[in-house]
Amino acid sequence: MTSLFDKFLPLEETRAELVAVSGVDPFHVVVEKVVSATEAMINGRKVIMAGTNNYLGLTFDPECIAAACTALREEGTGTTGSRMANGSYAAHVALENELAAFFNCAAAIVFSTGYIANLAILSTLTGPEDVILLDTDCHASIYDGTRLGSAQVIRFLHNNPADLEKRLQRLGDRAGNTLVVVEGIYSMLGDRAPLREIIDVKNRFGASLLVDEAHSLGVLGQQGRGLAEEVGVETEVDFITGTFSKSLGSIGGFCVSRWAELENVRYAMRPYIFTASSSPSLISSTRKALEILYRSTALREKLWDNATQLYQGLVAMGFELGPEISPVIAVRLPASVGEATALWRDLLTQGIYVNLVLPPATPGGGSLLRCSLSAAHSQVQINAILDAFSLIKEKLQMHQP
Amino acid sequence: MQSKEDILEQLYELVRPYTKKPIELGEETGLANEVGLDSVKVMDLITQTEDHFDISIPLNILPDVRTLGDFAEQLQKLLKDS
């Protein structure tokens, strides 16, 4: 007799193989206690967290914690429903106004997570007569949003404006009804979209552009608004989505637009309408984090110092990395899945937690040890991360002919 | 217009490198269960097929594609519209 669970047996087998190699399940690591923005207890020992996307280290910022505590006491633990049914709290609306002002945009909508932001916008903004042209390396939330919607979905080759142009050309009259989707910094390899070139192409065809700045908010641009600010093309970007769960240290997502008409879309987005809204404490810590991000460039500068040091240190050791310096640093491993998992375990044993990324989740195949740096990492911690990688480099060399 | 048979012959050449073990490819060959394509390899095959036929293949066709024959039919429609 078959079971509903039969189709998950290959997953169970793969998990069992990984546990046999590493002694722990790399995709179910339990953080026993969070010590700080960069340290935690795992398997009974203190570990440096170098794979958390906590770019500015704001999860333990005293001002953010104080703001969250005040909201928690004054407005309770949760909103117990959606904004359309239960009403928006004043803080939800205030955050939307602050985001619109921060991005110099006409409209802003806050969502319960970054995933939901993309799900909502990608599924609703475009209809059956429209086309979504997305970069092949776009995040799963973008792909999933397109599956929930009714637009025709076509991919263009990663970071390849010429391929984008070819596909817009093929669309003929429909090119003007096309939404092009790219990311500020791609989450796996840390590379950026060639935004100026992509804008040149989409402008020639009258297409619209959405940039997901999930990994670039607080990381790129003089004011931390992301890649569009850094490249100086903000007025030519139609929609920006992003998350509060990385640089802003909380949970939530957003979409901003230079088009005030975005406000009308709010009332049609099922992932917005039928989800509980963010709790008051999350909204309050997010507002405080956005204020900190706005008033100080020091955290961003420290983040880039740390990223540059780690990237250059790993290059000097001979590791193959993503194509450019970024707070997302992906180490490509010329190793089997089992060997990659063992190397990941070796890093953990040495007190360093990074993300293990295995095929088919990796761009171009192969396995990755993905680090994400934080402004809160100290010099001692960066050195410790480099020392740990140095030891696994020795192991890798021993295994190679 | 290319016939379904013509398209299938070209598809066999495109799909063959993806087969994990030698199998006879035919109209009824399943892309997931027989060729062994996972979600990422399906995307790679789509990219190669786009290059080969010089068309864009919408991802929306995927739910209707189980076999090579299904894929050939979808390609035939796309080639007709291009």
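Please read all numbers here as calculations on a predicted model, not as lab measurements. A note on names: the letters A, B, ... follow the listed sequences, proteins ahead of strands, and every chain is numbered from 1.
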State, with a plain yes or no, whether a side-chain heavy atom of [X] is found less than 4.5 Å away from one of [Y].
{"X": "A/T124", "Y": "A/R270", "value": "no"}
{"X": "A/H158", "Y": "A/Y186", "value": "yes"}
{"X": "B/L59", "Y": "A/I154", "value": "no"}
{"X": "A/V337", "Y": "A/L18", "value": "yes"}

Original post:
A/E236 and A/L209: side chain to side chain contact (heavy atoms under 4.5 Å, CB included), yes or no, with the steps?
Top reply: CA-CA 8 Å; A/E236 295 182 82; A/L209 176 66; over 6 Å; no
**OP:** Verify the distance criterion only: is there a donor paired with an acceptor across the side chains of A/Q152 and A/E129 at less than 3.5 Å?
**Re:** no
Original post:
Hey, is the main chain of A/I329 close enough, under 3.5 Å, to the side chain of A/R370 for a donor-acceptor pair?
Top reply: no
**OP:** Measure distances from B/D81 to the heavy atoms of chain A and classify the residue's part below 4.5 Å as side chain, backbone, both or neither.
**Re:** neither
Original post:
When only pairs under 4.5 Å are counted, which of A/L157, A/V153, A/D163 shares the most heavy-atom pairs with chain B?
Top reply: A/V153
**OP:** Find the one option among B/V40, B/I55, B/I57 whose heavy-atom pairs under 4.5 Å with chain A are most numerous.
**Re:** B/I55
**OP:** List in chain and number order the residues that pass side-chain hydrogen bond (donor to acceptor under 3.5 Å, both in side chains) with B/Y18, two or more places apart in sequence or in another chain; answer none if no residue qualifies.
**Re:** B/Q48
Original post:
For A/R167, is it the side chain, the backbone, both or neither that has a heavy atom under 4.5 Å from a heavy atom of chain B?
Top reply: both
Original post:
Listed by residue number, which members of residues 133-151 of chain A have a heavy atom under 4.5 Å from any heavy atom of chain B?
Top reply: A/Y143, A/A151
